[in-house]
Each structure stands twice: as C-alpha cells, then as structure tokens.
Amino acid sequence: MSVNRPAAVVVLAAGEGTRMKSATPKVLHAICGRSLVGHVVAASRELSPEHLVVVVGHAREQVTAHLAEIDAEVRTAVQHEQNGTGHAVRMGLEELSDSGVALDGTVVVVCGDTPLLTGETLGRLAGTHAAEGNAVTVLTAEVPDATGYGRIVREGASGAVTAIVEHKDATDAQREIREINSGVFAFDARLLTDALGKVRTDNSQGEEYLTDVLGILREAGHRVGACVAGDHREIVGINNRVQLAEARRLLNDRLLTRAMLSGVTVVDPATTWVDATVTFEPDALVHPGTQLLGATHIAANAEVGPDSRLTDTTVGEGAKVSFTVAEGAEIGAGASVGPYAYLRPGTRLGAKAKAGTYVEMKNARIGEGTKVPHLSYVGDATIGEYTNIGAASVFVNYDGVNKHHTTIGSHCRTGADNMLVAPVTIGDGAYTAAGSVITKDVPPGSLAVARGQQRNIEGWVARKRPGSAAARAAESARQEDAGEG
C-alpha cells in the first residue's frame with residue numbers, strides 16, 4: 001500500500017446548480033466524454049483510496065444511478081438538506097462509520113464540479129499532507145486575479161496557513177494576496193471527525209462550513225498547511241454553461257497536448273475534439289474538424305478526418321477514414337472509409353477493406369480486401385474476402401417485422417443496382433448481373449440474372465408524345481439515319 005494512500009476520498013456532489021438552468025443535475029453535465037462528477041471520481045481513483053464516497057442530495061436517485069454505471073465500487077451518502085460543506089462531509093463520514101468503517105489516516109475532500117482536477121495534483125496534496133504531518137492541508141492556487149476568492153493567509157516563517165479570509169472580509173493588504181482556497185482539502189481522519197462535531201451554524205447562511213474546521217484545529221494547536229496546484233485552472237468549479245464550455249476547451253487542449261507529446265499528429269487542435277477515454281498509438285494522424293469520442297482507438301499510421309466523427313470505434317494500423325460518421329465499428333488495418341460513409345454499430349471492416357462514398361453499413365462483417373465502393377447499404381450481412389459489391393446495391397434485410405441476414409462468399413462480384421433480399425446466400429466466386437433482384441441462393445461460381453427482359457417499342461414517342469421536343473429529336477435522328485442509308 002502507498003504511504004500516501006488516503007483512507008477515504010469524499011466527493012461533494014449534493015448541490016442543485018441552479019445557475020446551470022437545466023433539468024439535468026449540475027454534476028451530470030458532461031465534457032470530453034465524462035460527467036463533471038465522473039472526471040472527479042476518475043481523478044480520485046488515481047489515489048487508490050480505501051474508500052470513495054460521493055455525497056449526493058439534489059436529484060440523488062439520478063446521480064446515484066449514474067455513479068453505479070461509471071464506478072460500481074463508489075459508495076454514496078445522502079445529504080437530505082443542503083446545510084453546508086461541513087455537514088456534507090459529516091454525512092459522508094457517517095455513511096462509512098455506520099457500515100463499520102473506522103477511518104484512520106488521510107481523508108481527501110474534493111468538489112464534484114471540478115473536472116479539471118488531476119489525480120497527479122491530488123497525489124501531491126496527499127503527499128504534502130503526510131510529509132508535513134499536518135492536521136489539514138489546503139489545496140491552493142495562485143491566480144492572476146483573486147477577486148471574489150478566499151485568500152490564503154500564511155505564517156511568514158513556517159509557511160503554515162493561519163486563516164482563509166473571504167474577499168468581502170479581507171483587508172486591503174490581504175486583497176493583494178493571489179493565493180486562493182480551492183475548496184479541496186486533506187485531513188487527518190480522526191481530527192476531522194472530532195472537529196466536525198464542533199462546527200457551529202451561527203453564520204449568515206445558518207450552515208456548517210468545512211472551512212471552520214481549519215480554525216478549530218489550529219486553535220487546538222494543530223498545524224494547517226497548504227499545497228499549491230501547479231496550474232490554477234485545475235481548481236476551477238463549474239457553475240454555468242459558459243464555464244462548462246471554457247472547461248471543455250481547457251480539458252480538450254490538455255488531452256490533445258498529451259496525445260501530440262506522445263507522437264500523434266493533430267493538424268488543427270482548435271477544430272479537433274476528443275474524449276478523455278480516447279487512445280492513440282504513435283504516428284496516428286488526425287485532420288481538422290474531427291471528433292473522437294467514447295472508447296475510440298486510433299492505431300499507428302492511421303489517418304482520420306477531415307470532418308469525421310468516430311464513437312467507440314477502433315481504427316487499425318494504416319487505415320484511412322475521411323468525412324465519416326462511425327459508431328461502434330471496427331476498421332481493419334489498411335482499410336479505407338469514406339468520403340461520406342456511415343458505419344453503424346456492429347460494422348467490422350477487415351484489413352484492406354473499403355467502405356466508399358455514400359456507403360452505409362450496419363451489423364456487417366466485411367472480409368479482407370472486400371470493397372463496397374459507392375452508393376450502397378449493407379445491413380445484417382457477412383461478406384467474405386476480396387469480393388466487390390457493385391454501386392447502388394441494397395441489402396434488403398427488413399421484412400417489416402424481423403431483420404434477416406445476407407451471406408456473400410469470397411471473390412464474388414455483384415452487379416450494380418442489385419437488391420439482395422435476405423435471407424439469401426451467394427456462394428464463393430459467384431457473380432450477379434446488374435439490375436438484379438436476388439431472392440434465391442446463388443451457388444458458388446454461378447452467374448445470377450434476375451431482371452426482366454428488355455423490350456423496345458418502336459415509334460412510341462411519336463404516337464404518344466407528338467410535337468414534343470423528344471418527338472422532334474427522334475424524327476431528326478431517323479432522317480439522318482435514312483440519309484446515311
């Protein structure tokens with residue numbers, strides 16, 4: 001076990017967030033593929049705490065259900081009435097004690113609306129707390145403009161924190177201080193539990209303030225220290241949609257910077273958006289206007305974009321994907337997709353396969369080297385290796401009630417404008433004629449022709465459309481032919 005491993009992390013996520021003006025609880029608003037609280041939980045997990053407790057309140061059923069989806073090991077504590085941050089932490093600790101947990105060690109308290117906070121910074125906070133033997137350690141930040149924030153007042157010689165002074169209460173000298181309180185703390189568990197029982201509510205809000213614990217512990221002779229965040233933007237909390245967008249931009253830039261430093265080429269970071277769960281291999285190339293979402297993975301030497309959106313999609317080594325929307329798809333090594341393709345869930349493109357211009361695929365397995373070059377729909381199908389599907393082909397998979405499967409073998413050639421009415425199987429090496437409606441199985445090596453015989457009705461235009469431009473053109477052509485004859 002790490003010496004700095006916390007006994008518990010308590011995440012405060014009970015507030016309503018009225019300034020978001022949304023039916024969605026504030027902590028469930030998402031940026032870069034995770035909810036706000038999801039980012040905080042992920043950062044907290046990097047500390048490997050013995051216990052992780054999220055304090056919920058507003059819309060608690062919805063928040064609790066979300067937490068169960070993203071992290072089954074998270075415990076929740078309910079703050080039925082929002083009576084302050086100190087009260088919220090007390091609810092979290094009581095949830096643990098009521099289940100027989102006797103905390104001994106460090107308790108880290110974080111806010112559920114700080115998605116830019118990193119596990120690295122939380123680790124430094126816990127490490128500083130342990131190294132200095134503090135009763136409580138405040139995560140602070142030095143900001144360009146501290147207006148409106150609580151100032152950190154330190155003791156000159158030791159650097160210990162003597163007070164956190166709110167802006168409205170600060171003297172002119174204190175307002176010159178640029179080090180501010182983030183609302184994130186590391187506490188000695190036993191001292192925290194004792195001090196929370198002494199927090200009063202005789203303030204303008206009638207609430208239990210967590211910051212009062214600092215004064216209680218200091219008056220009892222314990223040391224209060226601080227750990228300065230490397231980047232002040234990490235501590236930013238989200239209270240409205242403007243701040244949500246700003247945080248999304250900052251986090252996206254951080255993710256792209258990490259990718260580029262690991263060997264990924266991002267041609268235009270300003271128009272490229274990625275989720276925190278996206279992964280890359282070195283020498284991947286991402287063109288402008290691209291969104292990579294969910295559990296998408298881009299392999300080495302793969303090329304994605306421009307103007308593509310990939311969700312939960314794997315792109316194999318050396319594959320090229322342009323002007324494409326893909327969801328839940330697997331694109332094999334050296335495959336080619338687009339422009340203007342749509343790969344729906346269950347699509348599996350083999351190595352060197354092709355889904356070309358205006359091609360839509362769904363629940364389809366496409367073998368190595370097989371090409372579906374243009375203007376086609378392939379749904380509920382299995383196609384073998386090195387087969388070519390003619391332009392304007394439709395896999396007719398739905399009978400109005402059930403979906404049916406089409407199987408096409410390897411080294412087949414289907415003609416343009418084919419309707420393949422499932423369930424149907426076309427054997428290896430078979431051909432189908434252009435314009436065919438295939439309703440029966442085609443044996444290997446056969447040619448299937450399923451279209452009406454052409455019949456030309458001479459003179460029809462002259463009789464049915466006399467005097468029309470078509471009739472005049474036809475008559476002129478007839479006279480020319482007669483003259484040549």
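- Because its NZ or CZ atom is not both nearer than 6.0 Å to the ring centre of Trp460 and within 45° of the ring axis, Arg465 does not count as a cation-pi partner of that residue.
- Listed by chain and number, the residues in a salt bridge (charged side-chain N to carboxylate O under 4.0 Å, His left out) with Glu95 are Arg75 (sequence neighbours excluded).
- Side-chain atoms of Asp275 and Thr277 include no donor-acceptor pair closer than 3.5 Å.
- By the 6.0 Å contact criterion, OH on Tyr377 is enclosed, its count of non-hydrogen atoms from other residues, nucleotides or ligands being greater than 12.
- Applying side chain to side chain donor-acceptor pair (under 3.5 Å) to Arg151 and the options Glu166, Glu176, His167 leaves one that passes, His167.
- Ring geometry for Tyr340 versus Tyr358: interplanar angle under 30°, hence parallel rather than tilted (30 to 60°).
- Within 6.0 Å of the CZ atom in Arg34, the count of heavy atoms belonging to other residues, nucleotides or ligands exceeds 12.
- For the pair His29 and Arg241, the minimum side-chain heavy-atom distance is below 4.5 Å.
- Heavy atoms of other residues, nucleotides or ligands lying less than 6.0 angstrom from NZ of Lys403 number more than 12.
- Atom OG1 of Thr313 and atom CD of Glu330 lie 9.0 Å apart (nearest 0.5 Å).
- Within 6.0 Å of CZ on Arg19 lie no more than 12 heavy atoms contributed by other residues, nucleotides or ligands.
- Side-chain contact between Ser476 and Arg472: absent, with no pair of heavy atoms (C-beta onward) separated by less than 4.5 Å.
- Checked for salt-bridge contact, Arg344 and Glu360 meet the test: a charged N lies under 4.0 Å from a carboxylate O.
- A side-chain donor from one of His297 and Thr279 sits under 3.5 Å from a side-chain acceptor of the other.
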